[in-house]
Amino acid sequence: LRWLACCGLFFVVWFATSILEVLDNPTPLYMAGSLLAAYNLLLHLLHDRLAAMSSVRIEFVLLAQISADLCLLTFLLYHAGIAHNPFVYYYVFHIIITAVLLPPRFAWIQAGLACTLVTSVIILQYMGIIIEHPLEFANPWPDTPVILSGKLIALCTTLIFAAYFTHAVLGQVQMAE
């Protein structure tokens with residue numbers, strides 16, 4: 001899945017730049033994709049060593065890996081109009097993966113991290129502390145606090161519900177077994 005995500009990233013950046021012409025500077029996105037590829041290669045090379053670790057250490061490595069993925073996703077979305085980017089809901093995949101692979105508390109931690117990352121970027125952009133990198137077509141509504149708050153509430157509740165429902169379903173499956 002990690003390699004598929006990496007290839008998909010390069011394709012989407014190329015498509016958004018060359019076909020849709022909505023990205024004016026794809027360089028940071030291609031650099032992030034290259035970082036993801038290097039990270040994937042490192043994980044692949046360390047696979048045997050990672051597999052021999054204790055379950056507690058494996059949990060830590062998985063948590064660190066998913067946290068790094070959330071940070072990378074935030075960087076990508078920051079450089080591609082995070083407040084209006086349709087890929088902002090991709091955070092939910094990381095929450096579901098966490099909920100499936102790790103104990104419940106980690107899904108809540110990751111949902112909180114994802115909400116904090118997105119909210120921080122949007123607030124810093126709104127306050128003019130960091131610049132916005134909007135997609136060329138994406139601004140159907142003005143960036144008012146009400147609109148931005150609504151989007152953040154929708155995203156954060158989606159992430160929290162994903163963590164809850166994934167664990168609830170897994171709990172039911174485990175009880176049925």
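These values consider heavy atoms only, across backbone and side chains, with no hydrogens, waters or symmetry-generated copies. As the structure is a prediction and not an experimental result, all values here were calculated from the model.
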What are the two closest non-hydrogen atoms of [X] and [Y], and how far apart are they?
| X | Y | result |
| --- | --- | --- |
| Tyr91 | Leu77 | CE1-CD1, 3.5 Å |
| Ala80 | Asn85 | O-ND2, 2.7 Å |
| Val13 | Leu23 | O-CD1, 4.2 Å |

*With sequence neighbours excluded, what pairs up with Arg57 under the salt bridge (Lys or Arg N to Asp or Glu O under 4.0 Å) test?*
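So Arg57 forms no salt bridge (Lys or Arg N to Asp or Glu O under 4.0 Å) with any residue.
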*Under a 4.5 Å side-chain heavy-atom rule over Ile, Leu, Val, Met, Phe, Trp and Tyr, are Val56 and Leu62 clustered together?*
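No, Val56 and Leu62 fall in different hydrophobic clusters.
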*Hey, quick one: are Trp3 and Leu45 part of the same hydrophobic cluster, counting side-chain heavy atoms closer than 4.5 Å, chains of contacts allowed?*
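They do share one cluster, since a chain of ILVMFWY contacts under 4.5 Å joins Trp3 to Leu45.
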*Spacing of Leu20 atom CG and Phe15 atom CZ [to the nearest 0.5 Å]*: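 If we round to the nearest 0.5 Å, Leu20:CG and Phe15:CZ are 4.5 Å apart.
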*Would Leu29 and Phe75 count as a side-chain contact (heavy atoms from CB on, under 4.5 Å) if you check the C-alpha gap in whole Å, the side-chain angles of each, and the deciding distance to 0.1 Å?*
CA-CA 8 Å; Leu29 303 174; Phe75 178 84; 5.6 Å; no
*Under 6.0 Å between ring centres, would you say that holds for Tyr164 and Phe161?*
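Aromatic pair excluded; centres sit 6.0 Å or further apart.
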*Kindly indicate, with the supporting measurements, whether the criterion side-chain contact (heavy atoms from CB on, under 4.5 Å) is fulfilled by Met53 and Leu50.*
CA-CA 5 Å; Met53 290 181 171; Leu50 293 172; 3.7 Å; yes
If you look only at distance, which donor and acceptor atoms sit under 3.5 Å apart when one is on a side chain in residues 110-124 and the other is two or more places apart or in another chain?
{"residue": "Gln110", "atom": "OE1", "partner": "Ser67", "partner atom": "OG", "Å": "3.3"}
{"residue": "Gln110", "atom": "NE2", "partner": "Ser67", "partner atom": "OG", "Å": "3.2"}
{"residue": "Thr116", "atom": "OG1", "partner": "Gly112", "partner atom": "O", "Å": "2.8"}
{"residue": "Thr119", "atom": "OG1", "partner": "Cys115", "partner atom": "O", "Å": "2.7"}
{"residue": "Ser120", "atom": "OG", "partner": "Thr116", "partner atom": "O", "Å": "2.6"}

*ring pair (Phe, Tyr, Trp, His ring centres under 6.0 Å) partners of residues 47-73, not counting sequence neighbours, each pair once*: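 Sorted pair list comes back empty.
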Side chains of residues 30-42: which donor-acceptor partners sit under 3.5 Å, not counting sequence neighbours?
{"residue": "Tyr30", "atom": "OH", "partner": "Trp14", "partner atom": "N", "Å": "3.3"}
{"residue": "Ser34", "atom": "OG", "partner": "Tyr30", "partner atom": "O", "Å": "3.0"}
{"residue": "Asn40", "atom": "OD1", "partner": "Arg2", "partner atom": "NE", "Å": "2.8"}
{"residue": "Asn40", "atom": "OD1", "partner": "Arg2", "partner atom": "NH2", "Å": "3.2"}
{"residue": "Asn40", "atom": "ND2", "partner": "Arg2", "partner atom": "O", "Å": "3.1"}

*Could you please spell out the steps behind the side-chain contact (heavy atoms from CB on, under 4.5 Å) verdict for His94 and Ile97?*
CA-CA 5 Å; His94 297 85; Ile97 290 167; 5.6 Å; no
_Inter- and intrachain pairs under salt bridge (Lys or Arg N to Asp or Glu O under 4.0 Å), touching residues 24-53, at least two apart_ =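 Those involving residues 24-53 do not exist here.
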_Residues forming a side-chain hydrogen bond (donor to acceptor under 3.5 Å, both in side chains) with His133, sequence neighbours excluded_ =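 By the side-chain hydrogen bond (donor to acceptor under 3.5 Å, both in side chains) rule, His133 matches Tyr78.
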